Amino acid sequence: MRTDIRECGSTSGFNTGMNYCPLQPDKVAGVILVIHGKKLPKELTADALEEACHADYPDRIYPITGFSEYAVSGGEPNTSENGYAGSEITGYSARTDTFTLRKFNLALQANLVANKDTLFDMYVFDKNNVIYGEDDGTDELAGFDLSGVYPTGQTYDSSGQKAYLAFNAMYSDTEKMMKNMSVKQSGVNLENVLKGLNYVEFVKMTSPENTYKLVDHYDRTDLTAYYGAVLSEKASTVVSGASALEYSNGVLTATGGVPVLKSPSILQDNGVIGIEQWVQ
């Protein structure tokens, strides 16, 4: 006699009750991308999140904040008819979530395009600092598995629309995402704490000799005034290639070679926040 037994797909039964304190998702405040399989810090403190934003690859987290709108495309049930019987659900259509930013972001657009083939997981958090992800059977919330990310929007102002950028996230498995969605409450203001990094580079001035400015790689903003003092003070720890830096009159004077920033994790340990050296 055969002893193999098939179990119904819904082995946990079926319930429709409402929680005594029902969760009401608020407007989306931001998302956090992680390399597929990675997770957020277990303790969601401001210090732990700042450290994670500056961690070495592949453990870094990549927050995107400053959203003004959110929209869903797809995720609808697919049905088929079987003769004169009723329709049946065959699955769910592919779903893409679109998050529109309040301001155009040249650097984010470039990074999304450059990482079109990178496998990310995504956490979403709302204005109440509730983080949304997937229950993967472990004791820590996982991110939503994505098949890709890409930018859309309008690059320049027009007569009826300002330039804007939208971040688009394509889910790998819509049905899995909806079935396993879960939440985690954060005790910190995530939108204030989470800051992504900016690529920067040292640009050599024609005069005086051996002087440099620290410049945003993408939009060419001069950042020397923001970082000059701390880089000068911590040069022996946070910079390689030059033995010393002196900040004066809006420029950095290098001694002993061309300055190159060390890894963001070392910079963060020394109070240099939010930047990473651009490497060609």
Side-chain angles (χ1 to χ4, degrees), residues 26-36 53-54 57 60-76 93-127 132 143-172 174 190-205 212-227 261 264 273-280:
D26 206 335
K27 294 181 175 65
V28 175
V31 303
I32 307 168
L33 297 178
V34 297
I35 297 300
H36 178 60
C53 288
H54 293 78
Y57 184 89
R60 186 177 302 171
I61 66 175
Y62 306 92
I64 305 173
T65 59
F67 295 143
S68 62
E69 190 56 279
Y70 165 69
V72 176
S73 175
E76 303 293 336
S93 64
R95 171 172 157 173
T96 298
D97 283 7
T98 300
F99 308 85
T100 303
L101 285 87
R102 292 190 292 268
K103 300 290 185 180
F104 183 79
N105 188 325
L106 185 66
L108 178 58
Q109 175 179 263
N111 278 270
L112 290 173
V113 171
N115 286 273
K116 66 180 184 296
D117 296 321
T118 301
L119 293 181
F120 289 112
D121 293 344
M122 178 181 73
Y123 296 89
V124 179
F125 63 91
D126 67 18
K127 295 289 186 179
Y132 301 81
F144 299 117
D145 186 6
L146 301 181
S147 60
V149 295
Y150 64 94
T152 54
Q154 181 171 307
T155 307
Y156 311 106
D157 284 359
S158 65
S159 59
Q161 175 68 59
K162 288 188 67 64
Y164 73 96
L165 182 72
F167 162 69
N168 299 268
M170 300 181 290
Y171 293 95
S172 292
T174 303
L190 294 171
E191 196 168 10
N192 288 343
V193 170
L194 291 168
K195 304 296 181 185
L197 306 188
N198 292 313
Y199 278 119
V200 298
E201 56 187 270
F202 287 102
V203 176
K204 194 175 190 305
M205 300 291 97
Y212 295 83
K213 282 186 175 289
L214 187 71
V215 177
D216 183 287
H217 171 72
Y218 288 103
D219 66 17
R220 314 310 294 172
T221 302
D222 184 0
L223 302 175
T224 317
Y226 297 95
Y227 293 97
L261 293 175
I273 305 300
I275 56 176
E276 180 174 16
Q277 177 78 44
W278 170 259
V279 179
Q280 189 70 32

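All values reported here derive from a predicted model rather than from experimental measurement. We're numbering straight along the sequence, starting at 1.
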Self-check item: Chi angles and distances behind the side-chain contact (heavy atoms from CB on, under 4.5 Å) call for His54, Leu197
Solution: CA-CA 8 Å; His54 293 78; Leu197 306 188; 3.5 Å; yes

Exercise. For Ile64 and Leu108, run side-chain contact (heavy atoms from CB on, under 4.5 Å): C-alpha distance rounded to whole Å, both residues' side-chain angles, the deciding distance at 0.1 Å, then the answer.
Key: CA-CA 9 Å; Ile64 305 173; Leu108 178 58; 3.8 Å; yes

Quiz prompt | Intermediate values then yes/no, ring-ring contact (aromatic ring centres under 6.0 Å, His included), Tyr123 and Phe144 | solution = CA-CA 6 Å; Tyr123 296 89; Phe144 299 117; 7.8 Å; no

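With a 4.5 Å cut-off on side-chain heavy atoms, Thr98 and Ser73 do not count as touching. Under the 4.5 Å side-chain criterion, counting only non-hydrogen atoms from C-beta, Ile32 is not in contact with Tyr62. Counting only heavy atoms from C-beta outward, the side chains of Lys195 and Ile273 never approach each other to under 4.5 Å. Looking at heavy atoms from C-beta onward, Leu165 lies in side-chain contact with Asn105 at the 4.5 angstrom threshold. By the 4.5 Å heavy-atom criterion applied to side chains, Asn168 and Val149 are not counted as neighbours.
Sorted by first and then second residue, the salt bridge (charged side-chain N to carboxylate O under 4.0 Å, His left out) pairs with a member in residues 150-172 read Asp157-Lys162; sequence neighbours excluded.
Of all heavy-atom pairs spanning Tyr218 and Ala107, the tightest one is CD1-CB, 3.5 Å. Minimum interatomic distance between Leu214 and Asp222 (heavy atoms only, all atoms of both residues): O-OD1, 3.5 Å.
With sequence neighbours left out, the side-chain hydrogen bond (donor to acceptor under 3.5 Å, both in side chains) criterion links Thr155 to no other residue. Legend: residues meeting side chain to side chain contact (heavy atoms under 4.5 Å, CB included) with Val203, ordered by chain and number and at least two apart, are Glu201, Met205, Val215, Arg220.
The aromatic rings of Phe167 and Phe67 lie parallel to each other, with less than 30° between the two planes, well short of the 60° mark. Note on ring orientation: taking the six-membered ring where Trp is involved, the planes of Trp278 and His217 are parallel (angle under 30°, cut-offs 30° and 60°).
Between the CD1 atom in Ile35 and the CG atom in Leu119 there is a gap of 8.5 Å [rounded to 0.5 Å]. Atoms CG and CE, on Leu146 and Met122 in that order, are 5.0 Å from each other to the nearest 0.5 Å.
With hydrogens and angles ignored, the 3.5 Å screen pairs a side-chain donor or acceptor of Thr174 with a backbone N or O of Ser93.
Gln154 CD: more than 12 foreign heavy atoms inside a 6.0 Å radius. Heavy-atom neighbours of Lys204 NZ from other residues, nucleotides or ligands within 6.0 Å: above the threshold of 12.
A distance below 6.0 Å separates the ring centres of Tyr70 and Phe99. No close placement of the Phe125 and Tyr132 rings is indicated, their centers lying 6.0 Å or farther apart.
The pair Glu191-Lys127 meets the salt-bridge criterion, with a side-chain N (NZ, NE, NH1 or NH2) lying under 4.0 Å from an Asp/Glu carboxylate O. Using a 4.0 Å cut-off between charged nitrogen and carboxylate oxygen, Arg60 and Glu276 count as a salt-bridge pair.
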